Amino acid sequence: MPVITLPDGAERAYDHPVSGADIAADISKSLAKKAIAMKVDGELMDLDHVVEKDAQVALVTRDDEEGLELIRHDAAHLLAQAVQALYPDTQVTIGPVIEDGFFYDFARDEPFSTEDFEKIEQKMKELVDADLPTRKEVWPRAEAIARFEALGEHYKAEIIRDLPEDEEIKVYHHGDWYDLCRGPHLPSTKHIGKAFKLMKLAGAYWRGDHRNAVLQRIYGTAWANEKQLKQYLHRLEEAEKRDHRKLGKEMDLFHLQDEAQGSVFWHPNGYTMWVELEAYIRRRLNDDGYVEVKTPQLIDAKLWEKSGHWGKYSQNMFVVPDDVPDTVSDGATFDPDAKLMALKPMNCPAHVQIFNQGIKSYRDLPMRMAEFGCCHRNEPHGALHGIMRVRQFTQDDAHIFCRWDQIAEETKKFCALASSVYEDLGFEDVRIALATRPEMRIGTDEEWDRMERVLGDALTDAGLDYEVLEGEGAFYAPKLEYHLRDAIGRSWQCGTLQLDPLLPERLDATFIDEDGSKQRPVMLHRAILGSMERFIGMLIENHAGRMPLWLSPTQAVVTTITSDADAYAQEVAEALTKVGLRAKADTRNEKINYKVREHSNAKVPAILVCGGREAEERTVSIRRLGSKENRTISLDQAIDELVKEATPPDLR
RNA sequence: GCUGCUGUAGCUCAGAGGUAGAGCACUCCCUUGGUAAGGGAGAGGUCGAGAGUUCAAUUCUCUCCAGCAGCACCA
């Protein structure tokens, strides 16, 4: 005889087993209508699940966060059902809930087209209107496999075969159609509602493995109501407006072209941002005890062989024969025996070379060696993305050579610096991950325990939350990853800290310890911005192009109302330039409206308008980007204000 | 690299089997206007590259290249 405890603490005793629907009906009519599932002792269940023992029960409605997930999950099933109704030759596979929606992967010989979406959505809506009830069955394993195989659903059969032996094989029926699923599901298709939309079509490998068949993935979004759906679509539109590729063009920051695919042409505006950012991070590194170096771009393949990169990554390196090519014919031919050089894909082996010059003492450690290192990696073509993922990039790279007992301290120091930099640069949504031992690895479990613990503890000591990415570490050591989000919600790795005992070993780095013995240092590979290119992309998107004054390519434009004030405007612009501000005078024969609009669109943070009055009084009318107001203040005051704001955050 | 889509003026895009159009930007002229587009004129394109079908291709077909979305990859 179950006693049901509700979330508010109220208890209801029943003299018979009760379903969620019964409990809801018991509480109120409206709840009976709204409830779509329930939680029993914290576990999500179908609403018709029967509770036989005492339990904590919470009813889930479509307005709950969990309710929304269930809607999306059901929408995925609905999509599969609609697709199979329209295209019977299609096999279903998996269809999980993802952020803001869901997808479903289908196997079908003929490709889908986004033009099919309308038809599929129509069918989905018909199925919602049909209000097909949900019914769960548990099938014996062998029977389930046989039945799905008989239907030609080989992927489903494979999924069942791979389920753990003790797992119940649950099959959910929505009317005549059914699908293997762990559930729970809404009571009927009506509850899904119609606030969904199919979004995009893409190929995806079965089980995420590129050696497997490519399935056709349909992405959709689903919400509790139309209003939420509209808001979401609007959010996407807004996000598009802050896309760094679009803003890069509009603000004349950089461009990309076919002849240098994956490498950035930085225009004066964009490079100004680069220079400011680089200067900033250089100061931060200096203050934290780093020394800066510069190492070669082209390095003999022999060194890459020694470091181990050649064996693992030569496919992704740009290799150049050290030979004068024969260009008599159209192409260029090289001596097949020519020595091979490679454009460096990373800086670490070169840094070890510097470390290895002379004899190092324990007194030299920790040695923090930084380089704005320009690296080349031959990335897969499909991976390239604006300036976020490129083939030539510059890292704010550094390697810390230290003793094992210094790792914790150095990691803590790094975490503090990274947090401070992200804060200075205006990033709030920073996720930290600890990537732990992968399946293929070297070293003993004890060593991995120790390394993972050192990094985890350093984060905890620094008061930082982090998630664990199981098995995502490098094959020789775990690493920390700092992920920032772009405008469309995509996550990019920027900062990283990686423990590396292997490379010093391979390249024979040593130091003389206190007791006079020769020891191996350990290396910490670390970056905060990651790649300058990617980070500037993130900055652009994070600020929607409205950069803080210190990073703005043009900080102020001085513009005139009539040509009478031209001379004064020139004088103002010169005064601003003289104190180090990036200012321009705009004395074109255009109306003030036109000029204000143009400079606002170009995202110039400050427009200083000068007319006859200002010239006479030696004032400026200052208008800040994003504000419709303007203030008339003295030139001195304006300069003062702008200079203060243009000071980089670390120098304030 | 894989799947699907796209490629027309500097930018955003329209168009059609008979060798191209708009708006903005650009150049020149008029306009001296107080805070988000004043008016007029002009210039600008081998329609991504190559091959094929056709009397005729930028339009149809194929191959390649690049971009976009996702997947895989990311030392």
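Since the model is a prediction, treat every value here as computed from it, not as a measurement. Within every chain, numbering begins at 1; the chains are lettered A, B, ... in the order of the sequence lines, protein sequences first and strands thereafter.
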**Q** Return the nearest nucleotide to the side chain of A:Tyr205; candidates are B:rA36, B:rA72, B:rG34.
**A**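 It is B:rA72.
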
**Q** For a quick check, tell me whether the side chain of A:Arg211 and the base of B:rC2 share a donor-acceptor pair closer than 3.5 Å.
**A**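 In this structure, the two groups form no donor-acceptor pair.
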
**Q** Parallel, tilted or perpendicular for A:Tyr422 and A:Tyr482, by the 30°/60° rule?
**A**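 Correct class here is tilted.
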
**Q** Any strand counts, and the cut-off is 3.5 Å on both contacts for Watson-Crick or G-U wobble. Which nucleotide pairs with B:rA57?
**A**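 WC or wobble partner does not exist here.
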
**Q** If you measure only the distance, is there a donor-acceptor pair under 3.5 Å linking the side chains of A:Asp105 and A:Gln216?
**A**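 The criterion, which ignores hydrogens and geometry beyond distance, is not satisfied for A:Gln216 and A:Asp105.
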
**Q** So that I know where these two stand, are A:Phe102 and A:Tyr219 an aromatic pair - ring centroids less than 6.0 Å apart?
**A**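 No: the rings miss the under 6.0 Å criterion.
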
**Q** Which nucleotide in the list B:rU35, B:rC71, B:rA75 gets nearest to the side chain of A:Asn316?
**A**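 That would be B:rA75.
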
**Q** Can you tell me how far C1' in B:rC13 sits from the matching atom in B:rA72, rounded to whole Å?
**A**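 Approximately 34 Å lies between the C1' atom of B:rC13 and that of B:rA72.
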
**Q** Output yes when at least one side-chain N/O atom of A:Tyr104 is less than 4.0 Å from OP1 or OP2 of B:rG70, else no.
**A**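 It does not, given that no N or O in the side chain of A:Tyr104 lies less than 4.0 Å from OP1 or OP2 of B:rG70.
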
**Q** Which is true for A:Gln261 with a 4.0 Å heavy-atom rule: it touches a base, it touches only sugar-phosphate, or it touches nothing?
**A**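 The residue A:Gln261 makes sugar-phosphate contact but no base contact.
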
**Q** Do A:Ile120 and A:Val83 have side-chain heavy atoms sitting under 4.5 Å apart?
**A**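 They are in contact (side-chain heavy atoms under 4.5 Å apart), so the answer is yes.
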
**Q** Is any side-chain heavy atom of A:Asp566 closer than 4.5 Å to one of A:Tyr568?
**A**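 A:Tyr568 vs A:Asp566: side chains apart.
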
**Q** Report which part of the nucleic acid A:Val214 touches: base, sugar-phosphate, or nothing (heavy-atom distance under 4.0 Å, all strands).
**A**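 A:Val214: backbone/sugar contact only, no base atoms under 4.0 Å.
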
**Q** For the residue pair A:Phe254 and A:His267, is the inter-centroid distance of their aromatic rings smaller than 6.0 Å?
**A**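 No: the rings miss the under 6.0 Å criterion.
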
**Q** For a quick check, tell me whether the side chain of A:Arg623 and the base of B:rA36 share a donor-acceptor pair closer than 3.5 Å.
**A**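 Answer yes: a donor N or O sits under 3.5 Å from an acceptor.
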
**Q** Just to be sure I understand the rule, does A:Gly308 reach a base, reach only the sugar-phosphate, or reach nothing, if contact means heavy atoms closer than 4.0 Å?
**A**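 Touches nothing.
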
**Q** Which is true for A:Ala383 with a 4.0 Å heavy-atom rule: it touches a base, it touches only sugar-phosphate, or it touches nothing?
**A**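 It contacts base atoms.
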
**Q** Under 4.0 Å between any heavy atoms, over every strand shown, what does A:Lys200 touch: base, sugar-phosphate, or nothing? Just pick one.
**A**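 Here A:Lys200 touches the backbone only, sparing every base.
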
**Q** Which part of the nucleic acid does A:His385 contact within heavy-atom distance under 4.0 Å: base, sugar-phosphate only, or nothing?
**A**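 Touches sugar-phosphate only.
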
**Q** Remember a base hit wins even if backbone is also touched, and classify A:Glu614 as base, sugar-phosphate or nothing at under 4.0 Å, heavy atoms.
**A**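 Base contact - A:Glu614 has a heavy atom under 4.0 Å of at least one base atom.
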
**Q** Have a look at A:Lys595 and say if it touches a base, only the backbone sugar-phosphate, or nothing, with a 4.0 Å heavy-atom cut-off.
**A**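 It contacts nothing in the nucleic acid.
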
**Q** Between B:rG52 and B:rG17, how far is it from one C1' atom to the other, in whole Å?
**A**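 Those two atoms are separated by 16 Å.
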
**Q** So which of A:Arg245, A:His244, A:Arg242 actually passes side-chain hydrogen bond (donor to acceptor under 3.5 Å, both in side chains) with A:Glu541?
**A**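 For A:Glu541, the side-chain hydrogen bond (donor to acceptor under 3.5 Å, both in side chains) check succeeds only for A:His244.
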
**Q** Using a heavy-atom cut-off of 4.0 Å across all strands, would you classify A:Asp209 as base, sugar-phosphate, or nothing?
**A**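 Result for A:Asp209 = nothing.
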
**Q** When both hydrogen-bonding distances must be under 3.5 Å and the geometry is Watson-Crick or G-U wobble, what is B:rU6 paired with, if anything?
**A**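 Because both required distances fall under 3.5 Å, B:rU6 counts as paired with B:rA66.
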
**Q** Partner lookup for B:rG44, please. Criteria are Watson-Crick or G-U wobble with both distances under 3.5 angstrom; report none if nothing qualifies.
**A**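 Here B:rG44 is not engaged in any pair, so there is no nucleotide opposite it.
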
**Q** For B:rC65 and B:rC29, measure between their C1' atoms and round to the nearest Å.
**A**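 It works out to 44 Å between them.
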
**Q** Whole Å only: how far is the CE atom of A:Met199 from the C1' atom of B:rC68?
**A**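 Rounded to the whole Å, the gap is 15 Å.
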
**Q** Counting any heavy atom closer than 4.0 Å, what does A:Phe475 reach on the DNA or RNA strands: base, sugar-phosphate only, or nothing?
**A**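 The residue A:Phe475 makes no contact with any strand.
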
**Q** Considering only the P atoms, how many Å lie between B:rC60 and B:rA43, rounded to the nearest integer?
**A**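 Nearest-Å result for B:rC60 against B:rA43 at atom P: 31 Å.
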
**Q** Does A:Arg588 have a side-chain nitrogen or oxygen under 4.0 Å from the phosphate oxygens OP1 or OP2 of B:rG33?
**A**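 False: A:Arg588 side-chain N/O out of range (4.0 Å or more) of B:rG33 OP1/OP2.
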
**Q** Considering every strand shown, what is the Watson-Crick or G-U wobble mate of B:rU19 when both distances are under 3.5 Å?
**A**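 Pairing partner, where one exists within any strand: none, as none qualifies.
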
**Q** Of the listed nucleotides (B:rC74, B:rU32, B:rA36), which one gets closest to any side-chain atom of A:Arg534?
**A**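 The listed nucleotide nearest to A:Arg534's side chain is B:rC74.
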
**Q** Touch check for A:Gln498, heavy atoms < 4.0 angstrom, all strands: base, sugar-phosphate only, or nothing?
**A**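 The residue A:Gln498 makes sugar-phosphate contact but no base contact.
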
**Q** Which part of the nucleic acid does A:Asp564 contact within heavy-atom distance under 4.0 Å: base, sugar-phosphate only, or nothing?
**A**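 A:Asp564: no heavy atom of the nucleic acid under 4.0 Å.
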
**Q** Does any donor-acceptor pair link the side chain of A:Arg377 with the base of B:rC74 at a separation under 3.5 Å?
**A**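 When only heavy-atom distances are counted, A:Arg377 does not reach the base of B:rC74 through any donor-acceptor pair under 3.5 Å.
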
**Q** So does A:Arg245 get a side-chain nitrogen or oxygen closer than 4.0 Å to the phosphate oxygens (OP1/OP2) of B:rC68?
**A**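 Looking at the OP1 and OP2 atoms of B:rC68, one of them is under 4.0 Å from a side-chain N or O of A:Arg245.
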
**Q** Looking at A:His381, I'd like to know whether one of its side-chain N or O atoms comes within less than 4.0 Å of OP1 or OP2 on B:rG1.
**A**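 Yes, because at least one side-chain N or O of A:His381 sits under 4.0 Å from OP1 or OP2 of B:rG1.
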
**Q** With C1' as the reference atom in both, quote the distance from B:rU59 to B:rU19 in angstrom, rounded to an integer.
**A**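 Comparing C1' positions in B:rU59 and B:rU19 gives a spacing of 11 Å.
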
